[in-house]
Structure formats: C-alpha cells, structure tokens
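Just so it is clear: chains get the letters A, B, ... in the order the sequence lines come, proteins before strands, and each one is counted from 1.
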Number of protein chains: 2
Amino acid sequence: MNEGVEWAMHSCVNLSWLPGQAVTAKHLAAFYDLPTAYLNKQLQALSRAGILSSTSGPKGGFQLARDARKISLLDIVVAIDGADDAFRCTEILKAGPAANPKTDYVKTCHISRAMRAAELTYRRELAGQSIADIAEQVLTEFPAAPQNTRTHLANLKS
Amino acid sequence: MNEGVEWAMHSCVNLSWLPGQAVTAKHLAAFYDLPTAYLNKQLQALSRAGILSSTSGPKGGFQLARDARKISLLDIVVAIDGADDAFRCTEILKAGPAANPKTDYVKTCHISRAMRAAELTYRRELAGQSIADIAEQVLTEFPAAPQNTRTHLANLKS
DNA sequence: GCTATTCAGGACATTTAGTATCCAGGTTAT
DNA sequence: ATAACCTGGATACTAAATGTCCTGAATAGC
C-alpha cells in the first residue's frame, strides 16, 4: 500500500484540530518532515476526492472539506491508493480445460469470491472508522494534542 | 498483491483432486497456460512453507503436504506474498513535535492500530477458508470437476 | 553406473509501480 | 504588481513484480 496513505491520514487528523482554517502543504509536510512536493500530490488527490478543499493564493492551503465524522479511513485509502482490490482475479480459469469464454470468473470463481469477501470485511472495518474517531482517541490519551498541533503549525514560519 | 497467489490457490485446488499423487510444475503450469519456470518459483515457496511436499526425479512433482482442510487461503497468501501488512506504519509521529523516541508508534498510534485491526479482520476471514472448502464449493457446482481435472492432467503429455 | 526427468535456487533481464523533484501556469491576498 | 499558493504535467530514480535461464542435486528406470 502507498505510503501516502499514512501521510494523508495523519494530515487529516491534524487538519481536524483546525476546522475552517487553511494549512499549506509546506506546513503539513514540515510537521512530520515529509517531502513537500510529494505530500502535495497526495493532498491534491484528497482534494480531487472531495475530502479536502483547497484555496489558492496567500493565506491559502488545505482544510477538511466536510465534518471529520464523515471522512472514513476507507475514503482516504481509496483516494490515495485507488479502489482496486489487493487481490486481482485474472480469470486464469479461462485458460483451463473447462473454460467457458462467456463466464465472468471474477464473479463465479470461488477463489475470487473468497478473496473478495475478505476484502469486503477489510473495507467495512475501515469504513467504520472516521477521522473524528481517531482524533477523539488521540484527544482522550493526549488532551493537549489539539493545542500543541495548533501552536506548532503556527510557529512554522513560512 | 502478487499474482502468484492466484496461481498457487488454483494449483492447490487442483492438487486436492489428486491426493497422494505427485504432479510436475510443467503440468500444473500447462493446466492454465502459465509460465512454467515462474509458477515453479511459487510452488517452491509453498513447499518451503510446508504447504506442498516435493519429490525430485522422474515421477516426481508436487502434492499437498497435508489435508486440504488444514490449508487455509491465508496460509497461501503468507507463503507467496509474505507476512507483512498491506499498510506499513513508518512511525512518522517520531518526526513530529510531540515525538517520544522511545515510543513504539506501530503499537500506540491510533491510525496504525485502526489499520492493523482492519488487516486482522481480513486475515481472520482468509484463515477461515480452506482449500477443502473451496474444493467442496466447486464440487457442488461442478460434480465432474475432479474427474475432469484428473483426466486432463493425465493427457498432458510430458 | 548411465541417462533422463524433475525440483532447488541463484543470476539476470524486463516491466511496472512507487517515490520524488522540478517547472510552467493559474489563482488570490496584500 | 508582487509574492504566496495550488494544479498538474514532465521527468528521473528506485524498488518490486514478473519472467527467463542455467547449474546443481536427487531419483526412477534401464
């Protein structure tokens, strides 16, 4: 899985501490010492997916496009890593002796179906966790986290 | 995910129709028109993992090393694709302002934990499906499958 | 023993995906 | 007007997946 997924999730949690405030890619990158230009690519992907909204120009930057409770971890995985399953059925049964060229083996092959079922439980689990859930867990463990994040980002001189 | 996982699973189902009989990599590859040398690599991995047993020399080949009910889809995924999670926590929190160098963020980071939890449901699902389960499903739908597989493999002239 | 068959595994080549940088162009606050 | 900032394409580098080839070891049949 793309490493950008991790960056995107942490960045979204950070942005959740600053609702309605635009944060530049440069600041988000500096927070974890990430390559700015490359993180920017991930942020653009989140923006295209409607997870973040971006504003150009001075005082511009990124912010959550909707309530953190409505942004699931799955949303971020799909935005950064794509919607494809990890296991891709290439329908090798079509090359076998009992093959029917008309059959959609992605749907009928029992191996494909078992792998797909596992993938669905994975996605269901990720869909059930929101950025707000993560933020709340962090808040419980580190009540100072939001303020710390805000002051640290504010102190990053552009 | 490695495409060899799909090949390995189908090959194991085929081998489950021929208990106690060695089948060569060449024959297993010819069954689905797969590259012999490369499939052989996957079969070797299954052999190293104790899923298949191999015998050298004429009349040699591969066979299931244990009862198909004791071979889960997860066993095969791990043997071919490795045991690593799809999401790899790189502990970017260590580079953040509230970092504690002593902390194991793979275990304490809530994002890491959420991703890990999803991965576990995925693995639990795959661990609950055996090659025998798949074979049984195929048998129910296509009662002639075992015999067809046997005769087809037998007719593949070396 | 000799030979043919087959697995074991290392070396290598090719292709594809992930990682990363740079720049030219458009937007906007001051 | 200028500087800050996002957008997206072009490009380069690296790592992983895919695939081939070859040598060596084991073994069945003669």
Between [atom2] of [N] and [atom1] of [X], the distance in whole Å:
{"X": "A:Lys26", "N": "D:dA4", "atom1": "NZ", "atom2": "P", "result": "7 Å"}
{"X": "A:Phe62", "N": "C:dT27", "atom1": "CZ", "atom2": "P", "result": "16 Å"}
{"X": "A:Asn40", "N": "C:dA24", "atom1": "CG", "atom2": "P", "result": "17 Å"}
{"X": "B:Leu46", "N": "C:dG9", "atom1": "CG", "atom2": "C1'", "result": "16 Å"}

message = Going by the rule salt bridge (Lys or Arg N to Asp or Glu O under 4.0 Å), which residues pair with A:Glu91 if we only count those two or more places apart in sequence or in a different chain?
response = A:Lys94
Can you tabulate the close N/O pairs, meaning under 3.5 Å, that link protein atoms to atoms of nucleotides 17-22 of chain D?
residue	atom	partner	partner atom	Å
D:dT18	OP2	B:Asn2	OD1	2.7
D:dT18	OP2	B:Glu3	N	3.2

inquiry  = With side-chain hydrogen bond (donor to acceptor under 3.5 Å, both in side chains) as the criterion, how do B:Asp133 and B:Ser130 come out once you've worked through the C-alpha distance, each side chain's angles and the decisive distance to 0.1 Å?
reply    = CA-CA 5 Å; B:Asp133 293 333; B:Ser130 72; 3.2 Å; yes
With sequence neighbours excluded, residues passing side-chain hydrogen bond (donor to acceptor under 3.5 Å, both in side chains) with [X]:
{"X": "B:Arg66", "answer": "B:Asp75"}
{"X": "A:Gln42", "answer": "none"}
{"X": "A:Asp81", "answer": "none"}
{"X": "B:Arg48", "answer": "none"}

message = Suppose the criterion is ring pair (Phe, Tyr, Trp, His ring centres under 6.0 Å): which pairs have a residue in residues 35-68 of chain B, not counting sequence neighbours?
response = B:Trp7-B:Tyr38
task = Scan for side-chain hydrogen bond (donor to acceptor under 3.5 Å, both in side chains) pairs involving residues 109-128 of chain A, sequence neighbours excluded, and state none if there are none.
result = A:Asp85-A:Arg116, A:Asp85-A:Arg123, A:His110-B:Gln137, A:His110-B:Glu141
request  = List in numerical order all residues of residues 49-58 of chain A for which some heavy atom is under 4.0 Å away from an atom belonging to DNA chain D.
outcome  = A:Ser54, A:Thr55, A:Ser56, A:Gly57, A:Pro58
query = So, is A:Arg48 close to the D:dG8 phosphate, meaning a side-chain N or O under 4.0 Å from OP1 or OP2?
reply = yes
query = Counting side-chain heavy atoms from CB outward, which of C:dA8, C:dT30, D:dC5 is closest to A:Lys59?
reply = C:dT30
inquiry  = Classify A:Ala25 by what it touches in the nucleic acid, base, sugar-phosphate, or nothing, heavy-atom distance under 4.0 Å.
reply    = sugar-phosphate
